Asks: 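What follows is a structure written as structure tokens; I'll ask about it next.
Everything quoted here is computed from the prediction, not taken from an experiment. As a basis for the values below, the full set of heavy atoms in this structure was taken, side chains included, without hydrogen atoms, waters or symmetry mates.
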Amino acid sequence: MATTTTPGVTVLLTQLSRVVYRRTSEDLLGMRMKEFVMLAHLREHNPIPQQDLGEMLCIDANNLVLLLNELESRGFAYRRRDPADRRRHLVEITDEGLAAFESAERGIESVEDDVLASLTNQERGELQGLLTKALEGAPAAG
């Protein structure tokens, strides 16, 4: 006998993520979603050690370097040696990267408005708070 159940949180988050990803084109943002996410983290944590950035984004070192190379080639970010520890690099967002991010942010807001149209402003705030809390409490990928 089959029973109907509500999908779990992981399934729902994955589905919602896919909907957002599908509706967010490179043309809309002026960059790829991966670049947008990295610039969002750089805006909040500027400068940040390269290794910490990779851990925060759950990106392995090789893919992180490739993505940083792309951001640097576009003038959106740069790496420099950490004066306190010459063995590591600090990653920083540039003024051009910040301007590109802010433009992309306006594009992503239209996607959020569309995808989350059935939620009230209060519910959106609650969702954002709960997701932030869950991410802050999640152990780093290793």
Side-chain angles (χ1 to χ4, degrees), residues 3-142:
T3 59
T4 304
T5 61
T6 302
V9 172
T10 300
V11 171
L12 292 171
L13 284 172
T14 302
Q15 288 174 329
L16 186 60
S17 175
R18 287 182 179 155
V19 168
V20 170
Y21 206 86
R22 259 186 263 125
R23 293 186 186 184
T24 308
S25 69
E26 191 171 336
D27 288 340
L28 178 68
L29 296 183
M31 65 185 69
R32 295 179 327 168
M33 183 64 115
K34 291 178 182 181
E35 295 169 324
F36 176 78
V37 171
M38 182 169 285
L39 290 176
H41 283 284
L42 288 175
R43 184 183 67 168
E44 299 302 317
H45 309 278
N46 193 47
I48 184 172
Q50 184 170 321
Q51 183 176 354
D52 293 357
L53 181 61
E55 290 171 5
M56 184 180 291
L57 295 173
C58 301
I59 299 176
D60 69 70
N62 291 332
N63 286 327
L64 178 65
V65 167
L66 292 173
L67 189 51
L68 286 172
N69 288 346
E70 291 173 26
L71 289 175
E72 281 186 317
S73 72
R74 296 185 71 181
F76 293 168
Y78 68 94
R79 287 170 277 196
R80 64 179 170 86
R81 291 276 180 201
D82 183 345
D85 183 349
R86 303 285 301 157
R87 295 170 294 174
R88 68 181 190 173
H89 286 95
L90 295 175
V91 182
E92 296 187 50
I93 192 170
T94 63
D95 289 340
E96 187 175 336
L98 187 57
F101 173 80
E102 289 170 353
S103 175
E105 194 170 39
R106 288 188 292 279
I108 200 89
E109 285 172 0
S110 68
V111 172
E112 285 181 16
D113 286 344
D114 185 37
V115 172
L116 303 177
S118 64
L119 300 181
T120 66
N121 286 338
Q122 181 179 344
E123 290 169 331
R124 285 187 193 196
E126 290 171 8
L127 177 61
Q128 184 176 14
L130 291 170
L131 292 172
T132 299
K133 184 177 180 179
L135 285 170
E136 288 172 349

Asks: I need the Asn63 CG to Asp60 CG distance, nearest 0.5 Å.
Replies: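 CG of Asp60 is found 4.0 Å from CG of Asn63.
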
Asks: Using distance only, find each side-chain donor-acceptor pair of residues 107-114 under 3.5 Å and give its atom names and separation, not counting sequence neighbours.
Replies:
from, atom 1, to, atom 2, distance (Å)
Ser110, OG, Gly107, O, 2.6
Asp113, OD1, Arg124, NH1, 2.8
Asp114, OD2, Arg23, NH1, 2.7

Asks: Please enumerate all residues that pass side-chain hydrogen bond (donor to acceptor under 3.5 Å, both in side chains) together with Glu35, with sequence neighbours excluded.
Replies: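 Expected list: Arg74.
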
Asks: Can you name the side-chain hydrogen bond (donor to acceptor under 3.5 Å, both in side chains) partners of Asn69, sequence neighbours left out?
Replies: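 In terms of side-chain hydrogen bond (donor to acceptor under 3.5 Å, both in side chains), with neighbours along the sequence ignored, Asn69 is linked to Arg79.
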
Asks: Gln122: which residues meet the side chain to side chain contact (heavy atoms under 4.5 Å, CB included) condition with it, sequence neighbours left out?
Replies: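 Testing Gln122 for side chain to side chain contact (heavy atoms under 4.5 Å, CB included), a comparison that skips the adjacent residues, returns Thr120, Glu126.
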
Asks: Any chance CG of Asn121 has more than 12 other-residue heavy atoms, nucleotides or ligands included, within less than 6.0 Å?
Replies: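 No - once you tally the heavy atoms of other residues, nucleotides and ligands closer than 6.0 Å, there are 12 at most.
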
Asks: With rounding to the nearest 0.5 angstrom, report the SG to CG distance, Cys58 to Leu64.
Replies: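 That separation rounds to 11.5 Å.
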
Asks: Do any N or O atoms from the side chain of Ser17 and from the backbone of Leu13 form a donor-acceptor pair under 3.5 angstrom?
Replies: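 Between the backbone of Leu13 and the side chain of Ser17 there is no qualifying donor-acceptor contact (under 3.5 Å).
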
Asks: Could you go through Asp52 and Met56, starting from their C-alpha distance and side-chain angles, then the distance that decides it, and tell me whether this counts as side-chain contact (heavy atoms from CB on, under 4.5 Å)?
Replies: CA-CA 6 Å; Asp52 293 357; Met56 184 180 291; 5.8 Å; no

Asks: Measuring from Phe101:CZ to Leu71:CG, what's the distance to the nearest 0.5 Å?
Replies: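 One finds 12.0 Å between CZ of Phe101 and CG of Leu71.
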
Asks: Do the side chain of Thr24 and the main chain of Tyr21 share a donor and acceptor less than 3.5 angstrom apart?
Replies: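 No; judged by distance alone, with no hydrogens or angles, the pair does not exist.
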
Asks: Can Leu39 and Met31 be said to form a side-chain contact (heavy atoms from CB on, under 4.5 Å), step by step?
Replies: CA-CA 10 Å; Leu39 290 176; Met31 65 185 69; 3.7 Å; yes

Asks: Other residues, nucleotides and ligands only: do more than 12 of their heavy atoms fall within 6.0 Å of CD on Glu123?
Replies: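 Check passes, neighbour count above 12.
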
Asks: Find out whether His41 and Leu53 are in side-chain contact, i.e. whether some heavy atom of one side chain is under 4.5 Å from a heavy atom of the other.
Replies: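 Yes, close enough: below the 4.5 Å cut-off.
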
Asks: Would you say Asn46's side chain and Ile93's backbone share a donor-acceptor pair under 3.5 angstrom?
Replies: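 Side chain of Asn46 to backbone of Ile93: a pair is present.
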
Asks: Could you check whether any side-chain heavy atom of Gln15 comes within less than 4.5 Å of a side-chain heavy atom of Val19, counting everything from C-beta outward?
Replies: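 Gln15 does not reach Val19 side chain to side chain.
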
Asks: Listing request: all side chain to side chain donor-acceptor pair (under 3.5 Å) pairs with a residue in residues 92-108, at least two apart in sequence or in separate chains.
Replies: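 The answer is Arg43-Glu105, Tyr78-Glu92, Arg80-Glu92.
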
Asks: Let's go through Leu98 and Leu42 carefully: what are the C-alpha distance in whole Å and the side-chain angles of both, what is the deciding distance for side-chain contact (heavy atoms from CB on, under 4.5 Å) to 0.1 Å, and is it a yes or a no?
Replies: CA-CA 9 Å; Leu98 187 57; Leu42 288 175; over 6 Å; no

Asks: Output the distance between atom CD1 (Ile48) and atom CG (Leu57), rounded to the nearest 0.5 Å.
Replies: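 Here the interatomic distance stands at 7.5 Å.
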
Asks: Do Met33 and Val20 pass the side-chain contact (heavy atoms from CB on, under 4.5 Å) test, and can you show the C-alpha distance, the side-chain angles, and the key distance before you say yes or no?
Replies: CA-CA 10 Å; Met33 183 64 115; Val20 170; 4.1 Å; yes

Asks: How would you list, by chain and number, every residue that makes a side-chain hydrogen bond (donor to acceptor under 3.5 Å, both in side chains) with Asn62, sequence neighbours excluded?
Replies: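 Checked Asn62 against side-chain hydrogen bond (donor to acceptor under 3.5 Å, both in side chains); zero matches.
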
Asks: Indicate yes or no: at least one non-hydrogen side-chain atom of Arg88 is less than 4.5 angstrom from one of Gln50.
Replies: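 No, their side chains stay 4.5 Å or more apart.
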
Asks: To the nearest 0.5 Å, what is the distance between CG on Leu68 and CZ on Phe76?
Replies: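 Taking CG in Leu68 and CZ in Phe76, the distance rounds to 13.5 Å.
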
Asks: Rounded to the nearest 0.5 Å, what separation is found between the CD atom of Glu70 and the CE atom of Met38?
Replies: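 If I round to the nearest 0.5 Å, the distance is 9.5 Å.
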
Asks: Using the side-chain contact (heavy atoms from CB on, under 4.5 Å) definition, which of the options Val65, Leu67, Val37 pairs with Ile59?
Replies: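 Answer to the side-chain contact (heavy atoms from CB on, under 4.5 Å) test with Ile59 among Val65, Leu67, Val37: Leu67.
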
Asks: Taking all heavy atoms of Val11 and all of Pro7, pick out the closest pair and write down the distance.
Replies: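 Closest pair (atom of Val11, atom of Pro7, distance): CG1-CB, 3.8 Å.
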
